[in-house]
There are 2 protein chains.
Amino acid sequence: MSHQAEADRVLRSLNRTCLDHDPDVLRSVLDRVGDKWSLILIGLLDMGPMRFTGLLRTAPGISRRMLTLTLRNLERDGLVKRVIYPEVPPRVEYEVTPFGRTLSEPVLALARWTADHQDTLRANRRAFDQAAGLDADDLG
Amino acid sequence: MSHQAEADRVLRSLNRTCLDHDPDVLRSVLDRVGDKWSLILIGLLDMGPMRFTGLLRTAPGISRRMLTLTLRNLERDGLVKRVIYPEVPPRVEYEVTPFGRTLSEPVLALARWTADHQDTLRANRRAFDQAAGLDADDLG
DNA sequence: CAGTATCCAACTAGATACTG
DNA sequence: CAGTATCTAGTTGGATACTG
């Protein structure tokens, strides 16, 4: 059985189990990984532990609020660990947990897909938008 | 080199290329795949072509509006194909394109991860919420 | 430094009435 | 049947002032 056929079979099964059975778990993970900042933070922390302000500086355009909220959610899921050093001034470091690293692989697969197909995607979108534009302009 | 080490290396590289270079493409794909309905529609269509009303009935809780918007975006990206049969009453079928099927694999990987780890996730969240609750209630 | 609290703007998504 | 148009509620996310 080919890899593709196997993948199809499993996806079909997952469609049934995930969609019919408990779509909320898949949804919640997609919400986590699909929101605006989680993946970027995981990506940054994957390269080593970082502090709050470091992440604030490094993640392009994130606000304090969203950094706090996103880190809390990642921590809640056990994907990121928060380590407090009782010093003055206070120091807090965030790091990816071993559990979090298991998520890297599937995320990696998705990132690879986007990297491999971004040209196709761009072309598709451009073609679609152009066709729509011509439609709207009623030009041949 | 182990699979994990290899994955780490590639992810690190992707961090640099995707995050530093063009985060928007990865973002746009995550937006597509991570939004409320795309994955569910891809899942349904993966089992075979379907018509608008069929999807409306089968996807749990989707509105006409969101079905239209989501299908348009999937079509725009070339992941789904819209086939019009010029009949009366009108018939339109949607099907996953070969390009769309290439996306199944990484999505499959993510779905598998959620399936494999949903118990851990649930436990993590429960533990975190309980700890937060105890904190808030000031109980030991 | 590492957040929290508050306010506000933008976007997302649902309900529903209408059209070819 | 296969949508579009419109209105509205709810959510997400940014700016910023404040706290331990």
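On a predicted model such as this, the values are computed, not experimentally measured, just so you know. Residue numbers start from 1 in every chain, and the chains themselves are labelled A, B, ... in the order their sequence lines are given, proteins ahead of strands.
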Quiz: residues 51-59 of chain B side-chain donor-acceptor pairs under 3.5 angstrom, not counting sequence neighbours:
unit_1, atom_1, unit_2, atom_2, d
B:T58, OG1, B:G54, O, 2.6

Close residues, residues 61-74 of chain B, relative to DNA chain D [heavy-atom separation under 4.0 Å]:
B:R64, B:R65, B:T68, B:R72
The correct set of residues in residues 87-95 of chain B placing a heavy atom under 4.0 Å from DNA chain C is B:P90
Residues which pass ring-ring contact (aromatic ring centres under 6.0 Å, His included) with A:F128, listed by chain and number, not counting sequence neighbours:
none
Pairs meeting criterion salt bridge (Lys or Arg N to Asp or Glu O under 4.0 Å) with involvement of residues 78-94 of chain B, two or more places apart
B:E87-B:R91, B:R91-B:E93
Compare every heavy atom of A:S104 with every heavy atom of A:D46, then report the nearest pair and how far apart it is.
OD1-OG, 4.0 Å
If I compare all heavy atoms of A:L121 with all of A:W113, which pair ends up nearest, and what's the gap?
CD1-CZ3, 3.9 Å
According to side-chain hydrogen bond (donor to acceptor under 3.5 Å, both in side chains), who are the partners of A:D116, at least two apart in sequence or on a separate chain?
none
Between which nucleotides of DNA chain C, read 5' to 3', does contact with chain A run, using atoms under 4.0 Å from its heavy atoms?
C:dC1 to C:dT6
Partner residues of B:N73 under the side-chain contact (heavy atoms from CB on, under 4.5 Å) criterion, sequence neighbours left out
B:R32
Do A:L74 and A:L45 have side-chain heavy atoms sitting under 4.5 Å apart?
no
Other than A:V83, which residues form its hydrophobic cluster under the rule that side-chain heavy atoms must be closer than 4.5 Å?
A:Y85
Angle between the two end axes of the helix from C:dC1-D:dG20 to C:dG20-D:dC1, five base pairs per end, rounded to 10 degrees?
40°
A:R72 atom CZ: more than 12 heavy-atom contacts under 6.0 Å
yes
Using the rule side-chain contact (heavy atoms from CB on, under 4.5 Å), only one of A:V96, A:L79, A:I42 pairs with A:R101; which is it?
A:V96
Enumerate, atom names and distances included, each donor-acceptor pair closer than 3.5 Å involving a side-chain atom of residues 62-70 of chain B, sequence neighbours excluded.
unit_1, atom_1, unit_2, atom_2, d
B:S63, OG, B:M66, N, 3.3
B:T68, OG1, B:R64, O, 3.0
B:T70, OG1, B:M66, O, 2.6

